[in-house]
Amino acid sequence: MTGNEATTLDLTVTVDVDYVVSVYAENADGKSDVVTKDFKISSAELKGELVEFTVKNLTAFSVDVDVKKSIKCSKYVITAMLKSSYNEEYFIQSAETSLNPAPDYPLQPFNWSDKSATFTEHTLAKNRMADDPESEGIRLSSEATDDMNKMVVCVYALPAGDGQAEVFTRDFTVPEPSDYDGSIEVQIDIADEDITLTSVAATITAGAGCKKIFTSLIGASAYDPFDKITDEAKQKELLTVLGNNQQVLPYTEPYKVDFTHNMGPNETWRLYAVPIAEDGTIGKVTYEDFTTKKPVFEGTGEITSAELSQTTPEAIELKLATSSDVEKVRIFCWSYNEGYKIVSDPAELEWVMYDLENNSQWTDEYAKDEFSGTLSLRIPHPGDDYYIYGATVDAKGNVSYPVNLVQLAEGTEDKDAMFETMPEEQEEIVVKFDGTGEATLKVTETEKDEYSTNIEYTVTKGANTVKAYRIRTADTATEETLEEDLKTVFADYPNSISGSYKELTFADGDTESETLEYLTNYDPDWGGNIVAIVTVDKDGKLKIADYYLAGSGNK
């Protein structure tokens, strides 16, 4: 400083830190003595909150939260979540984890900062590893059902010095889509080479004023195009669907998006891009239709003959003869029920056989040295009918059209022919119900509706009975097969009994009683629960003494 007038010094300091200011004067005659002053600015003495924040630019899809950190605050953690999900104790734990992630698994739930900053829906939640620069973000919903549109911003602020961290919250309600004035243009470019059987890539270019943007993919027939919808409520509904499908991202320059979710061959889809201005205004809602490609069967290879046989229930033996240009064969072998779930439409079988990359779990591919011998096709369900299809791959990697190998092997005209596999050999269960023990079952139905019945029952011991067992069968048991079912129950008797049962010893007399609930009512076509009494006589022999069909009335 020069001159002899009073001067105010502007110093940058940190609160709660001890400082010393030293001052001396100097002129032509020399220096004065040094004067010192100790000082510390205590954060506790400063006015105002640790942080102040504002929710602004709120739309149905995006939000900005401005955070102003005071000098009293060293750093803070921020997030936003459904108000119905907010729990302060859990938030504090997650916030502390965000500041100090676990060394063995450094997952960081929320973002934090030591400066004033603006957070968007993209950075209001991290949920990534601490060293990952990206954030998972949050998705906003304008759906009022179950208060899905009620949100809360949560800030966990740490003081600069000693003292307790503080939690600050602010509620906001996500509005319905509105203000789509079309002022920002968007261009969607989809090149033919970026369309595959199951995916699409597109370049998105937004015009001036675009600060955020989201892209979304829906089936072309699910909704009319946005610009063809005249009902504002329907426009809002479509925009809400689009916003729920893709996260809003910051926009700075053209970028490429890739979609693979739930897409199949030869399907027409509509790709939307929705730009958002800095003030939250929605620009021109733009879309582009495209159709995924079909399988192209250009393979020159051919399966000329097939032989199918079985020597064990666990496998089908397959012998193939092919043309000389075949390098690989692909086999689809599934039971009727499984195959129908995989390919309910015959056109899907083309895709399954053609696109091995996306369908390797459904097909097996064999090289020439493997299929030149006998292939063993595993059978998880012996006794079922099996679809067996084959396709070839030539030296250029081209795939031939799938053929029904059962039809080829049997020389039949039935294009849906299936192979009937041999059933698994069942070990015969030798159980005899030739005992002489008697018992009667009395049933009172206490509660009954269309589907189930509750009962109270009493079993009375009769002649030659030492003890008895009450068996509750499966809820699909039938009266015609009751004896066979009970043979399975007692297959390992007297070592063990399977299923739901109770041993009746008649220790307190000649009767035993019990309550059973939710018995499935018996139907002649579908079966139901059956309560059966099996006695044991003095010689240890079993007898089916009595039984009751659920819901058939008191007895």
Side-chain angles (χ1 to χ4, degrees), residues 1-56 64-81 86-120 123-126 128-133 135 152-171:
M1 307 293 176
T2 59
N4 57 7
E5 295 182 359
T7 302
T8 300
L9 299 179
D10 187 3
L11 304 175
T12 301
V13 298
T14 302
V15 295
D16 298 315
V17 174
D18 292 317
Y19 288 91
V20 178
V21 177
S22 301
V23 182
Y24 64 89
E26 185 177 4
N27 58 21
D29 296 328
K31 287 183 175 181
S32 70
D33 293 335
V34 177
V35 178
T36 62
K37 175 70 174 178
D38 297 342
F39 75 93
K40 179 173 71 172
I41 299 175
S42 173
S43 59
E45 297 174 358
L46 297 174
K47 295 181 180 180
E49 301 286 4
L50 293 175
V51 295
E52 295 179 356
F53 58 96
T54 305
V55 177
K56 66 178 189 179
D64 293 331
V65 180
D66 280 346
V67 182
K68 183 179 180 182
K69 184 187 79 68
S70 75
I71 194 173
K72 298 168 58 176
C73 177
S74 61
K75 51 190 170 183
Y76 60 91
V77 179
I78 186 169
T79 190
M81 64 184 72
Y86 177 70
N87 176 283
E88 183 172 295
E89 182 180 355
Y90 177 75
F91 168 63
I92 291 173
Q93 290 175 354
S94 298
E96 291 175 344
T97 299
S98 299
L99 293 169
N100 302 287
D104 56 339
Y105 188 67
L107 181 69
Q108 184 179 322
F110 311 136
N111 282 304
W112 66 271
S113 179
D114 56 6
K115 299 178 178 63
S116 297
T118 298
F119 295 84
T120 72
T123 54
L124 277 172
K126 185 174 178 73
R128 299 284 182 94
M129 292 300 176
D131 60 355
D132 190 336
S135 295
V152 59
V153 177
C154 321
V155 176
Y156 178 76
L158 279 71
D162 296 333
Q164 293 290 330
E166 293 186 49
V167 173
F168 301 86
T169 62
R170 181 155 300 144
D171 298 348

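Along the sequence shown, residues carry numbers from 1.
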message = Within this structure, what is the CD1-CG distance for the pair I78 and N111, rounded to the nearest 0.5 Å?
response = 9.0 Å
request  = Could you pull out the closest heavy-atom pair between L50 and A157, with the gap in Å?
outcome  = CD1-O, 3.7 Å
inquiry  = Is there a side-chain contact between V77 and T79 in this structure, where contact means two heavy atoms from C-beta onward sitting under 4.5 Å apart?
reply    = no
query = Donor-acceptor pair, Y156 side chain versus F168 backbone, under 3.5 Å?
reply = no
query = Under 3.5 Å, side chain of S70 to main-chain N/O of E49, donor-acceptor pair present?
reply = yes
remark   = Heavy atoms of K75 and L99 approach each other most closely as CD-CD2, 4.2 Å
Minimal non-hydrogen separation, F110 against S94, with atom names = CE1-CB, 3.4 Å
task = Mind checking the OG1-CZ spacing from T169 to F91? Nearest 0.5 Å is all I need.
result = 9.0 Å
query = Could you give the distance from CG (L107) to OG1 (T97), rounded to the nearest 0.5 Å?
reply = 9.0 Å
ask   = Ignoring hydrogens and geometry, is there a side-chain-to-backbone donor-acceptor pair from S98 to Q108 under 3.5 Å?
value = no
task = Return the minimal non-hydrogen interatomic distance between M81 and C154, and the atom names on each side.
result = CE-SG, 4.2 Å
request  = Keeping to residues at least two apart or across chains, list the side chain to side chain donor-acceptor pair (under 3.5 Å) pairs with something in residues 26-39.
outcome  = none
task = Enter the distance from D114:CG to L158:CG here, rounded to the nearest 0.5 Å.
result = 11.5 Å
ask   = Do you know the tightest heavy-atom contact between S116 and K69?
value = OG-N, 2.8 Å
request  = Would you mind telling me which of V155, V67, V153 makes a side chain to side chain contact (heavy atoms under 4.5 Å, CB included) with F119?
outcome  = V67
